[in-house]
Amino acid sequence: MKERLYVGEMNPKVKVDVDERTDWLELKFQMEGFVETEIREIIKSLEEKRKFHRLPNGALMPLETEAFQSMVELMNRVGAWKEESMGARFRLPAVQGLQLLDWEQSGSAVQFGRSLRRMLQNVKNPDNLEFPIPDGLGSILRDYQQYGYQWMKTLAHYRFGGILADDMGLGKTIQSIAFIQSVLPEIRELREPALIIAPASLLYNWHNELKRFAPDIRAVIVDGSQQDRRKLIKPTDQADVLITSYPLLRRDVEGYAKTSFHTLILDEAQFFKNYTTQTAQAVKTLHARYRFALTGTPIENRMEELWSIYDAVFPSLFGDRKAFLELPRETVAKRVRPFLLRRLKSDVLQELPEKIETIMSSNLFNEQKKLYAAYLAKLRQESLKHLDQDGFHKSRIRILAGLTRLRQICCHPALFVEGYKGSSAKFEQLLETVQECLDAGRRMLVFSQFTGMLHLIAKELAERGIPYFYLDGQTPGAKRVELCERFNNGEGEVFLISLKAGGTGLNLTGADTVILYDLWWNPAVEQQAMDRAHRIGQKKVVQVIRLVAQDTVEDKMYALQRKKQNLIEEVIQPGEDGLSSWTEEDIRELLSLHS
């Protein structure tokens, strides 16, 4: 049999990505030296769970390799076998990509495209995408309510539905109003009102809260006689939001089923937790672009209550009831996590102490200044040439690399100048600040986006006999948890953290001082770093110190950050990958390229 085995190069690959314009998940299979029709036959053999595929020349291709088996797992997860293929390509609803949320795929046979990676990351981390908070509500919403609003906006961005399951009294209503206010221009342009369904006792509460927090929203309660209600249900320019009750919905279900709504808010969603009731059936006839359920009790007695609610707001998350009931509880818990937001009063209503932010400026040392001036002159010259010849879009990555070099000189020229013997003004300032904090009994987090910089700091602290913890992207998950626990339990005075690795997921309330050694393109990432210490459980005032090199690209960046508060998508991915929406004007401002 060996003589007949196919031994040539295959390199099977499948590229998986989301086309955000069409809301499709696309799978494209590729194999070196094979035409599309043959690749399709190989896929069929995989579907039929064959160990070998017979090629037209009679040779047998082994299908139990790691690469082919990871493809099979991908197809099983997203349910691609059920779809009609177009040769070596498959298209499925984008929502199927969510089945890849908890998949730790190995090897290079399955490649996730940027849009898919971004979707999975954003669904896991709703504050990756920052949506502007509607005017007038920014100062009213508490931090956790702003997060809830961002969570709703992120799900809506991908046309996913969710359950806001905050404890009673935490403001599910105002978070929903903020969402409706944010889509008001769209509601009016499309002439598709939002629909709020609530228990009869809460209709006027909703009406009053809308008037109070969003007075420009035209809200109408759909009640009165059947004739009156029929008139109100028909879309007009007179109403942005319709509010009705579950009992009235059942009576008027035909009228509502014929209308397209922009947003559907189902308050006290436990009202239709039993899928067999008329209320549950009525709710599922409604058509809306965006759907959210609000309930403090998403499960009261049985798991299928959760399915009944999702069947109304996000039916493709679990599919039909039979498929749901066959899922292990752990799978349900994993799948539901990004689409159910629950906070308890005990988690969020302890008022945090205040946060004091300080800017500490330093002038570059002479040797540092000469290096900076020479590099800046070179970068200006190159940038002008590239901008004129290639245009901004093509030059952006190259200019970013140059800007990063300038920022490294501000931090410490030793980051990239080989054999540099001098020091750095900011480095010396940091060491003085650390000593002052130690003398005052303060415990600090020091963030930098450059791990090389953290290594320089660590080396100096070690030489001075100052104990420290260190964490960057290479630190394993279990070790991260252990280090945080030890620090929070009072061990060590200084924690060095890379901004990329420490921006999220760390609770370090054992610290009362946060030092941001260098600025980040995106101020929201800095905010996340600060919030490692300034969060629930913090008992002390948190001091935030930003170190900025004066008269450099750093203080220009800081000025630009203050001008542009909503920069959460400025970086394509957290890291130095590139700038997604800094304009040519911003770059010229940073490099002082104005004529």
Side-chain angles (χ1 to χ4, degrees), residues 1-121 123-124 316-320 322-323 326-328 330-331 334-335 572-573 577:
M1 185 173 166
K2 280 191 176 173
E3 306 84 70
R4 300 178 57 220
L5 273 184
Y6 177 79
V7 291
E9 284 293 316
M10 294 180 288
N11 287 332
K13 284 189 178 71
V14 57
K15 293 187 175 174
V16 196
D17 209 357
V18 171
D19 185 335
E20 291 181 2
R21 295 163 305 173
T22 58
D23 271 351
W24 286 106
L25 181 74
E26 297 189 336
L27 282 65
K28 295 177 189 169
F29 286 82
Q30 297 168 340
M31 286 177 67
E32 285 178 15
F34 288 86
V35 296
E36 196 171 271
T37 49
E38 189 58 39
I39 294 173
R40 176 62 198 141
E41 292 306 312
I42 294 167
I43 294 168
K44 275 186 185 167
S45 293
L46 288 171
E47 183 180 3
E48 291 163 9
K49 299 181 181 169
R50 294 188 182 178
K51 294 183 179 182
F52 297 92
H53 171 75
R54 189 177 293 281
L55 296 168
N57 65 4
L60 294 174
M61 176 184 286
L63 297 180
E64 292 190 316
T65 64
E66 187 182 340
F68 279 128
Q69 289 311 301
S70 62
M71 287 180 173
V72 169
E73 188 184 351
L74 168 75
M75 299 286 275
N76 288 340
R77 274 178 173 261
V78 299
W81 306 120
K82 303 170 194 166
E83 302 297 319
E84 284 297 314
S85 72
M86 298 164 287
R89 297 172 60 185
F90 289 78
R91 293 180 79 196
L92 303 92
V95 67
Q96 293 303 106
L98 295 175
Q99 308 307 326
L100 306 172
L101 263 173
D102 57 338
W103 188 28
E104 306 286 336
Q105 97 264 27
S106 57
S108 57
V110 177
Q111 298 176 346
F112 289 2
R114 179 185 286 163
S115 292
L116 175 60
R117 290 198 312 271
R118 191 164 51 202
M119 180 181 91
L120 297 176
Q121 279 305 313
V123 168
K124 284 182 191 172
S316 46
L317 183 63
F318 289 118
D320 62 32
K322 184 173 177 291
E326 288 169 359
L327 291 173
E330 298 73 35
T331 305
K334 266 186 185 173
R335 200 177 294 181
I572 291 168
Q573 291 177 307
D577 304 86

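Throughout, numbering of the chain's residues begins at 1 and tracks the sequence.
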Should [X] and [Y] count as side-chain neighbours, where that means a heavy-atom distance under 4.5 Å?
X      : Y      : result
Lys322 : Glu326 : yes
Gln30  : Gln111 : no
Glu73  : Val110 : no
Arg54  : Arg4   : yes

Within this structure, what is the [atom1]-[atom2] distance for the pair [X] and [Y], rounded to the nearest 0.5 Å?
X     : Y     : atom1 : atom2 : result
Arg91 : Glu26 : CZ    : CD    : 5.5 Å
Met75 : Glu47 : CE    : CD    : 7.0 Å
Glu36 : Ile43 : CD    : CD1   : 8.5 Å
Lys15 : Leu27 : NZ    : CG    : 13.0 Å
Phe68 : Met31 : CZ    : CE    : 4.0 Å
Leu46 : Leu74 : CG    : CG    : 11.0 Å

Under 3.5 Å donor-acceptor, [X] side chain and [Y] backbone:
X      : Y      : answer
Asp19  : Trp24  : no
Arg117 : Phe112 : yes
Arg335 : Leu317 : yes

Looking at every heavy atom in both [X] and [Y], which two are closest together, and how far apart are they?
X     : Y     : answer
Leu25 : Val18 : CD1-CG2, 3.8 Å
Lys13 : Met71 : N-CE, 3.2 Å
Asn11 : Glu32 : ND2-OE2, 2.8 Å
Ala67 : Pro12 : CB-CG, 3.8 Å

If you apply the rule side chain to side chain contact (heavy atoms under 4.5 Å, CB included), what do you find for Phe34 with Met61, and how did you get there? CA-CA 12 Å; Phe34 288 86; Met61 176 184 286; 3.3 Å; yes

Any chance you could lay out the side chain to side chain contact (heavy atoms under 4.5 Å, CB included) test for Ile42 and Phe29, step after step, and finish with the verdict? CA-CA 10 Å; Ile42 294 167; Phe29 286 82; over 6 Å; no

Do Lys44 and Glu48 meet the salt-bridge criterion of a basic N to acidic O distance under 4.0 Å? no

